[in-house]
Protein chains: 2
Amino acid sequence: MTKGRPRKFDKEEALETAMKLFWQHGYEGVSIAKLAEAMGINVPSLYSAFGNKEKLFMAAFDKYSLLGGHIYIDSLKQKTAREVAYSILKGEVELVTNPEHPDGCMVILGALVTSSDSEHIKKRMDEMRQTPPKWMAERFAQAIKEGDLSPEVDPKSLACYIMTLNSGLAVQAKSGVGKKELMKVVDIAMKNWPFVD
Amino acid sequence: MTKGRPRKFDKEEALETAMKLFWQHGYEGVSIAKLAEAMGINVPSLYSAFGNKEKLFMAAFDKYSLLGGHIYIDSLKQKTAREVAYSILKGEVELVTNPEHPDGCMVILGALVTSSDSEHIKKRMDEMRQTPPKWMAERFAQAIKEGDLSPEVDPKSLACYIMTLNSGLAVQAKSGVGKKELMKVVDIAMKNWPFVD
DNA sequence: GTATTTATTTAGCGATCACTATATAAATAC
DNA sequence: GTATTTATATAGTGATCGCTAAATAAATAC
């Protein structure tokens, strides 16, 4: 064991709790006091382990992004653009309606609307949201080369379209719309996937 | 003039200011002090004119819903389901990227993610968001009767799909995506509108 | 054993939260 | 004029915000 008094609590477990609270209430919607209580520790222990509220949020977000990122990493391996899109949308529905987590999506809802004090965090999240569309645009460009996507399609716009649907699915789930209905939405979106020449 | 000292400020003008602040920062993201300062009045005047923060928010929301509601009222008059959908999506893009207002959509972003203290407001907004899909579902059912929409389509699901796109467009605009890109998203969504028999 | 290091606890910092008590100012009613 | 009514301005309520100083507890190093 390392020098000094050992930590009483499991840091990853505590971080998981913080992640879920930020996921549900957003960065500004949960206080340090509430976080510490839910994590089963007192406030100074929270600060000594995680620095401050912003760093705790970012650490929780890193944990979240392992979940959220897998949707894209797995889906982009699909053989055709159509299968990629369907896999992403289906994965998003499963994520945003999974009863083991809060409804919605942390990267979309965690700091979308904030007070002036937290615009810094909002901008960080805005930037994070730009990565998946970039990945998708690259994948769709490849699909055009491989012939399973019409060359008339702009890969960037198609990626933005999928991201728009994903964002909408997160909002709908947060509003209380269930998995069944959202899967029907995905079915409609995929009906006559119109981009194969 | 009525009895008593007359109000120094224009109530509708002050409400317009409050609406924009709530629109940009959400219910919990702006304080009474900030609101009063921006409205050019002091705090007790705000309370005597509007009651409390929740009532002020709801009054601001009523003002907003005149803007947001017109999109649907106007669009539902279009002749075919396809034109209705296009008009709604185009109207949403214009609303959420209008430089005269904050980015995004107040009914979607105003209280989507809140602390436990404001779950009451969140639920009220969740309910408000259910009205447009109901209108759309009725209109799409009518379109099926009139023959410009396939009878295989579930009007409710199609309405939920359009609402999902609308929500996504609001999130994208709030994230900094511009009008041009969002109009391309709408174009993709409308490409080969797949629901005419 | 003592010294050092780190985590915990209690208690409290100044700032801001939504909201209001009190006094004063400005209008009408008579 | 006086009485009444309503809006204003000043100041301040208790509660909570993010965060921390100080003391104590529990481990290792030697």
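The chains referred to below are lettered A, B, ... by the order of the sequence lines, with proteins before strands, and numbering in each begins at 1. Heavy atoms only: backbone and side chains are in, while hydrogens, waters and symmetry mates are out.
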According to the Watson-Crick and G-U wobble definition with distances under 3.5 Å, which dot-bracket string, read 5' to 3', encodes DNA chain D, using [ ] for crossing pairs and | for pairs with another strand? ||||||||||||||||||||||||||||||
Sugar-phosphate atoms are those with a prime plus P, OP1 and OP2; base atoms are the rest. Using that split, label each nucleotide of nucleotides 8-13 of chain D B, S or - for protein heavy atoms under 4.0 Å, 5' to 3'. SBB---
Please name all residues satisfying ring-ring contact (aromatic ring centres under 6.0 Å, His included) with B:Tyr64, sequence neighbours left out, ordered by chain then number. B:Trp23
Is the closest basic N to carboxylate O distance between B:Arg129 and B:Asp126 below 4.0 Å? yes
I need the minimum non-hydrogen distance between B:Ile144 and B:Val153, along with the two atoms involved. CD1-O, 3.5 Å
So, with a heavy-atom separation below 4.0 Å from DNA chain C, the residues of residues 11-39 of chain B are B:Val30, B:Ser31, B:Ile32
Between A:His25 and B:Thr114 (side chain of the first, backbone of the second, donor and acceptor by atom type, cut-off under 3.5 Å), is there such a pair? yes
Mind listing the side-chain donor-acceptor pairs of residues 36-50 of chain A below 3.5 Å, one per line with the distance, residues two or more places apart or on another chain?
| from | atom 1 | to | atom 2 | distance (Å) |
| --- | --- | --- | --- | --- |
| A:Asn42 | OD1 | A:Ser45 | OG | 3.0 |
| A:Ser48 | OG | A:Ser45 | O | 3.4 |

If you look at every heavy atom in A:Ser175 and B:Leu112, which pair is closest and at what distance? OG-CD1, 4.0 Å
Numerically ordered, the residues 51-61 of chain A set in heavy-atom contact under 4.0 Å with DNA chain C is none
Say whether, by atom type as modelled, one donor and one acceptor occur between the side chain of A:Arg139 and the main chain of A:Pro155 under 3.5 angstrom. no
Rounded to the nearest Å, what distance is computed from the OH atom of residue B:Tyr47 to the P atom of nucleotide C:dA21? 12 Å
Testing B:Val84, B:Leu76, B:Ile88 one by one against B:Trp135 for a side chain to side chain contact (heavy atoms under 4.5 Å, CB included), which residue passes? B:Leu76
Contact between B:Lys174 and A:Lys122 at the side-chain level, heavy atoms closer than 4.5 Å - yes or no? yes
Checking A:Ser31 side chain against A:Lys34 main chain: does a donor-acceptor pair fall under 3.5 Å? yes
Between the side chains of A:Lys63 and A:Glu12, is the shortest nitrogen-to-carboxylate-oxygen separation below 4.0 Å, so that they form an ion pair? yes
Look at the rings of B:Phe61 and B:Phe57 and say which category their plane angle falls in: under 30° parallel, 30 to 60° tilted, over 60° perpendicular. parallel
